[in-house]
Amino acid sequence: MAAAKPSLGRVLPGSSILFLCDMQEKFRHIAYFPQIVSVAARMLKVARLLEVPVVLTEQYPQGLGPTVPELGAEGLQPRTKTCFSMVPAVQGELDARPHLRSVLLCGIETQACILHPSPSPGLCSHLGLSLTSFCPQNTALDLLDRGLQVHLVVDACSSRSQVDRLVALARLRQSGAFLSTSEGLILQLVGDAAHPQFKEIQKIIKEPAPDSGLLGLFQGQNPLFR
């Protein structure tokens, strides 16, 4: 079978990995946190059904607490980090998967760990908690720099500030990341209603994903998404 064209952003279970970034107890104040975690939990259930590998990180858990239980991440060993990108903490996982093409990215905060490139290791360990909001943004840029496709699960990422969330989404798109909804990615992964796991996945997506405020970000003539 011909390989998927990288420019199209096709997602296949055998060449994808799910990243779950820093959905921890002390971040419950972030906008739409319950909805973000609910959608990320959907992605995790589907990944398990389709045998897509999953990586979970926690930012400085001594101060920010563990991963919230409603994510359903039992059985996953969190990778502890202080850096504002997931990539240094999961370098070995990436190196061990030469066939990897696509990273599906969920978590908080969009303008932080999801987007921004990671600082030097020394800086990571000394900046403290004031920059925890850089993780998803950092992660995406680090992954793109490695030549991987990044698929941001937009209904599973948020920030304290919705302005930061909006601008980070636009910035990620400019940098070459794909913006996708959870259901869109799930249906790409399963591929066919004849798939043996389709009925189980259908149960997961039967109810629409909860509203996480995206319509307010994308509505109207938003110049950031022209």
Are any of the side-chain nitrogens in D95 or R146 under 4.0 Å away from the carboxylate oxygens of its partner?
-> yes
Looking at side-chain heavy atoms only, is the closest gap between S175 and L141 below 4.5 Å?
-> yes
Rounded to the nearest 0.5 Å, how far apart are CZ of R165 and OG of S158?
-> 4.0 Å
Within residues 28-48 or reaching into it, pairs that qualify as side-chain hydrogen bond (donor to acceptor under 3.5 Å, both in side chains) - sequence neighbours excluded | E25-R28, R28-E70
F27 versus V68: any side-chain heavy-atom pair under 4.5 Å?
-> no
State, yes or no, whether a side-chain contact exists between I205 and L187 at a heavy-atom distance under 4.5 Å.
-> yes
Around E51, counting heavy atoms of other residues, nucleotides and ligands shown, do more than 12 lie under 6.0 Å from its CD?
-> no
Can you see which heavy atom on A140 is nearest to which on V150, and at what distance?
-> O-CG2, 3.8 Å
Heavy-atom pair with the smallest gap, counting every atom of P61 and Q24 | CA-NE2, 3.9 Å
Side chains of S85 and T139: closer than 4.5 Å at any heavy-atom pair?
-> yes
For residues 176-199, pull every pair meeting side-chain hydrogen bond (donor to acceptor under 3.5 Å, both in side chains), keeping only residues two or more places apart or in separate chains.
-> D155-S182
Test log, rule side chain to side chain donor-acceptor pair (under 3.5 Å), inputs Q174 and R171 = CA-CA 5 Å; Q174 290 170 339; R171 170 77 167 84; 5.4 Å; no
In Å, rounded to the nearest 0.5 Å, how long is the span from CG of D22 to OG1 of T57?
-> 4.0 Å
Determine which pairs satisfy ring-ring contact (aromatic ring centres under 6.0 Å, His included) with at least one residue from residues 138-167, sequence neighbours left out, and list them in order.
-> H151-F178
Which heavy atom of D142 sits nearest a heavy atom of P88, and at what distance?
-> OD2-CD, 4.5 Å
Go through the steps to decide whether L50 and I201 satisfy the test side chain to side chain contact (heavy atoms under 4.5 Å, CB included), and finish with yes or no.
-> CA-CA 9 Å; L50 298 179; I201 289 172; 3.8 Å; yes
Atom pair CD/CD1 of E109 and I36 - distance to nearest 0.5 Å | 11.0 Å
Taking all non-hydrogen atoms of both residues, which atom of C106 and which atom of L18 are closest, and how far apart?
-> SG-CD1, 4.0 Å
Just how far is it from atom CD1 of I204 to atom NZ of K206, taken to the nearest 0.5 Å?
-> 13.0 Å
For residues R79 and M86, determine if any side-chain heavy atom of one lies less than 4.5 Å from a side-chain heavy atom of the other.
-> no
Closest approach of Q59 to C83 (non-hydrogen atoms, all atoms of both residues) = OE1-O, 3.1 Å
Would L94 and L143 satisfy side chain to side chain contact (heavy atoms under 4.5 Å, CB included), going step by step from the backbone distance to the final call?
-> CA-CA 10 Å; L94 295 173; L143 292 168; 4.0 Å; yes
Could you check L104 against L189 for side chain to side chain contact (heavy atoms under 4.5 Å, CB included), going step by step and ending with a plain yes or no?
-> CA-CA 11 Å; L104 317 182; L189 285 169; 3.8 Å; yes
Donor-acceptor contact below 3.5 Å, side chain K26 vs main chain G63 | yes
Contact check, side chains of L12 and S102, non-hydrogen atoms, under 4.5 Å = no
Is there a side chain to side chain contact (heavy atoms under 4.5 Å, CB included) between L152 and C157 once you walk through the steps?
-> CA-CA 8 Å; L152 191 71; C157 296; 3.5 Å; yes
Distance from L44 atom CG to L56 atom CG, nearest 0.5 Å?
-> 8.5 Å
To the nearest 0.5 Å, what is the distance between CD (Q149) and OG (S16)?
-> 8.5 Å
Side chain to side chain contact (heavy atoms under 4.5 Å, CB included) with L20: of V153, V54, T67, only one passes, and it is V54
